[in-house]
Amino acid sequence: MNIVVAIKHIPSIADDLPVKGNNVDFDSVDFVLNEWDEHSIEQAVLIKEAVGGTVTVIGVDLIGELDNALHLALAKGADKVAKITADDPAADSHTQAKWLAEAVKGMGADMVFAGVQASNDIDGQIGAMIAAYLDMPYIGGTSAIEVSGSAATVSKEFPGGVGMKYSITLPFVAGVQSAPKPPRYAPVSKVRQMAQTATVEKIAPTGEASSGLAFKKMAPPVATGHAEMIEGSSKEVAAKIVELLKSKGLA
Amino acid sequence: MLTTIEKIIFIILALTSAGFTFHGFKVIIDSIRRGRPAPELKNVPLSLVKAAITVLFQRTIFKARKGLSAIHMGLFFGLITYAFVNLFDALEGLVPGFDLIYGGKHIPNAPTGLVNAFNLIADVMSIFLLIAITVFFARRFIAKDKALNYRENVLLNPKVKAGGQARDSLIVDVFVVMHVIAHVLSQAYRLTDGADPFMPFASFLNSIFGASQTGVHVAWWVSIGWVMFIIPYLSRSKHTHFFMSPINLGLAKQNPRGQLDPAIPLTMIEGQKFDPGAKHIHDLSWKRVLDSYACVQCNRCQDVCPANFYGRPLSPSALEVNKRYLLKDATFGSHPDRLLLPLTETVISPEAVWSCTTCYACVRVCPVGNEPMADIVDIRRRMLIDGYEIDSGVQNALQSLATNGNWMSKGKRLRGRWAKEMQFPVKNATEEPVEHLWFVGDTASFDERVIPNTKLVAQLFHQGGLDFGILYQSESNAGNDVRRVGEEGLFEQLVEQNMEAFGKAQFKQIVTTDPHSFNTLKNEYPQFGGTFEVKHYTVTLLKLIEEGKLTVKNKLANYKVTFHDPCYLGRYNGGFTAPRKLLELLGVEFVEMPRNCENSFCCGAGGGQIWMGKVAPGERPAENRIKEALSTFGEGAGDKTQLFIVTCPKDMIMYSDAVKTTGNEGRIEVRDIIQLVAEAVGVDEVVAAESISA
């Protein structure tokens, strides 16, 4: 089983997002691994542990700091890692998907996983676009993938507690919503060991793509209102709520 | 006294007994030697002498259970006396004419006074021994003291569950009673000339049973026969403690309390590659294997364990007991394979491993110098390496620590944000030299509930003319709790990051807000080359007041306060005086809770517990502590406000929550000591005023 996991390095939102011109100020923001990619790595490693195979993790190196995320993936059980040396922090999802698809093409993947979304891309573009470029079927929003022989059973969850299972013939591309188990913890000593011993394959970006979109303006959202905290004893609070409801004509 | 045939039997018995005893202790020593290397001990002979003195005065047992400890003391002196008694009994049997009765008048040139003194001591000690054993027997078998039990959810070796400890106790109890009575009888039967005034107990028995040569023989054989049996038995019983506890005390941890042993031994044995931490029993250092032999299974550690208190399946004593039974099954029994079972299946459940707050109470209270807590950290270390699924909250915290250097998933740049809101510039120690490098810590830097206090500390440092600065985004979590969660690699990474930051800064000493940071910076960073003078902010504040740089303007007589010693400031590092001295200077009415200083009760946050996603049911330690404070205050604080004073940012959170969850809002208020200092000293800035009310 040959599984390729395409990951994305994204600006961290642990800090306030710095804005410069009409884009993120990439010089003063940390980059982190997309949260959903942690799940797609976990999903790939779980399949490998169940049926054997190799897991290759690949991502676009936007600012020259992707190695950390790749070493982490190795510590969690990936076998090979590769980075597309782009050095372009502003490369959008379309561009990244094209580069990734070109790189994955020759890998003979049975399955390609990508996080179903990222905080800088919430319409789930990367996985679907890779599928399109590779001319493979795509299934998004998976919550569990089990492989047996040349077919996979894929679970998806829908709003309202509805679950659905799909049977899919390999190869295919999946946008992983969550792995069936929480992503495992990789002890730092293992990650550091990987950093010392592992080799990261470097791939030059090939191909061009564009979303056709241009940023017009980027600014922090302006708060238009805020919650009012009602203080006092429970009786006083209740009285104020009643008053408030009356004043709005609701009671 | 003995006939030739009896002498031959005695010698055969003695040799057999010695053989079994030798075998028993050889097995124990071999088993201890299979443990990993422990940190090197210095000047062992001196430590052993000190331990002998400690044992002689029974110093360590009086840390808890004072009444039972006094009984234990009687038992101890009784048994010491009986070592001599048995020696003389043997001589009486083997050497014709050797007889201590009547001041040894049958022995030529006997020092009569000395013999009489010995006889009197032996006679009185016999009574003490019988009383002591009766008390202990009654406690276990009649009163059924609950302190000797374990919670239902605690993992126990099947033999312990089946009552192995009780059987063991019973055998030794019966031995002591039979042995003592037989010995005294053997003396009583000798008293052919009536009472010996220096042997009142034996004389009393003599008045009932008279003198009898047959009696002497029978009683002698019962008394000594028992000894021949019991001495080899001890090596297979919890009572190995007689020999192993003093040795264990002599070889006890010499490093500071706050310095954990490394995850991989520093002393390497050639050709041996160690994985970090412990999976099997012999992955523990030899010292911790020895712990289980020194343990007499008194459960004092369980009494003080905050995790055990609120129903978690952790009992530090069960850990030691299980270790001992595992070793016994493997080395004396027929199950050597059990040594290769994971500790998490044989001695402590994974849930119990993750319940420990690393408060050190168990280690502190242990009379024989055991360190169950250290085992737990070693087990955690290996579980993490082996990919055990850890609590999601802990995992999130660790992941954030690895990427952001703090456990709150906050960006590094936000660490110094509070400082930018001050009315004066707070120096960046990486950019300009400062005298005091203030290591603020995660909670004090990021937590909205604590930041007002952080600002007050800055304000008062500033008012006191202290030349200080902070590291801003270059500070990372100090790693104290990371290390105690078992993530040694991440701890090392954090140490490296901080050492790099310290390297960029110029300072004379470090001052910390968080006792946890304080502990690791003071006790563990030196191992990584970081030999700094480290102070807790309570010490710095006290100094500012004592030197007159801050003046107490308003005495706070309107407050009735009690103080909670944080584990990592108090029990670990002895920081008991500064906070109390400060409170005294502030003029508050101070009352001490029953559990204070060394015996302080953990808030339940340490050792990574504050990160746990899952909260177990039951009365939490912090809630119990608030109740303790309230009962200490009693009724009638009058118009005084009752305050619970803390000196640890984590305590601020833990206890503020506990006041709410126990429904005690309005009765007691949690305050950081800095809030009181600020109120007493007076703060002229706007920032501070809003902080106090916050």
Side-chain angles (χ1 to χ4, degrees), chain A residues 9-19 24-25 27-35 37-39 41-42 45-46 48-49 65-78 119 178-196 229 231-234, chain B residues 262-264 274-277 380-417 446 473 476 479 482-483 485-497 608 611 613 663 665-666:
Chain A
H9 220 201
I10 58 166
S12 165
I13 48 170
D15 276 316
D16 294 343
L17 201 64
V19 174
V24 174
D25 179 3
D27 289 333
S28 47
V29 72
D30 290 326
F31 272 69
V32 293
L33 179 64
N34 169 31
E35 190 187 329
D37 292 345
E38 290 185 31
H39 282 270
I41 293 171
E42 181 64 31
V45 174
L46 286 174
K48 181 188 112 173
E49 284 170 352
E65 289 178 9
L66 188 69
D67 282 8
N68 267 344
L70 296 175
H71 295 144
L72 190 72
L74 286 167
K76 288 184 172 195
S119 60
S178 69
K181 274 166 70 175
R184 66 195 66 193
Y185 180 72
V188 168
S189 58
K190 258 192 193 171
V191 181
R192 291 182 140 196
Q193 199 186 328
M194 290 301 168
Q196 284 166 5
M229 302 304 287
E231 307 212 330
S233 72
S234 44
Chain B
I264 298 173
F274 292 116
D275 285 324
R380 287 178 175 182
R381 284 166 166 169
R382 182 64 70 83
M383 286 173 98
L384 271 162
I385 292 288
D386 285 350
Y388 172 84
E389 202 177 309
I390 51 175
D391 174 272
S392 61
V394 173
Q395 180 166 342
N396 288 341
L398 294 177
Q399 274 165 350
S400 170
L401 283 156
T403 40
N404 307 311
N406 65 73
W407 58 272
M408 295 160 149
S409 300
K410 294 275 168 78
K412 288 180 184 140
R413 290 173 189 82
L414 300 178
R415 189 178 279 274
R417 175 177 278 186
F446 293 110
Q473 66 188 66
S476 299
V482 172
R483 192 172 205 199
V485 152
E487 225 308 18
E488 192 74 2
L490 178 54
F491 169 68
E492 284 169 14
Q493 180 179 310
L494 293 167
V495 173
E496 280 165 31
Q497 288 167 5
W611 301 331
E665 282 169 286

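Reminder, nothing fancy here: chain letters follow the sequence lines and each chain counts from 1. It should be emphasised that the depicted structure is a prediction, and the values quoted were computed from it without experimental measurement.
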B/Ser392 portion near chain A, given a 4.5 angstrom heavy-atom threshold: neither
B/Asn406 side-chain N/O to B/Ser409 backbone N/O, donor-acceptor pair under 3.5 Å: yes
Salt bridge A/Glu42-A/Arg184, side-chain N to carboxylate O under 4.0 Å: yes
B/Leu490 versus B/Leu398, closest heavy-atom pair with distance: CD2-O, 3.6 Å
Chain A interface, residue from B/Lys410, B/Met408, B/Glu488 that has the most non-hydrogen pairs under 4.5 Å: B/Lys410
Winner by heavy-atom pair count (cut-off under 4.5 Å) against chain B, out of A/Val191, A/Asp16, A/Asn68, A/Val32: A/Asp16
Structural part of B/Ile390 lying under 4.5 Å from a heavy atom of chain A: side chain
Structural part of B/Glu389 lying under 4.5 Å from a heavy atom of chain A: side chain
Note, A/Ile41 side chain near A/Leu33 side chain (heavy atom, < 4.5 Å): yes
Heavy-atom pair count under 4.5 Å with chain B, highest-scoring of A/Ser28, A/Pro183, A/Ala75, A/Pro182: A/Ser28
Side chain, backbone, both or neither of A/Val29 within contact of chain B (heavy atoms, under 4.5 Å): backbone
Any donor-acceptor pair under 3.5 Å from B/Arg381 side chain to B/Glu487 backbone: no
Option that, when pairs with chain A are counted at under 4.5 Å, heavy atom only, ranks first among B/Ala402, B/Gly489, B/Ser400: B/Gly489
Whether B/Lys412 side chain and A/Asp30 backbone form a donor-acceptor pair below 3.5 Å: no
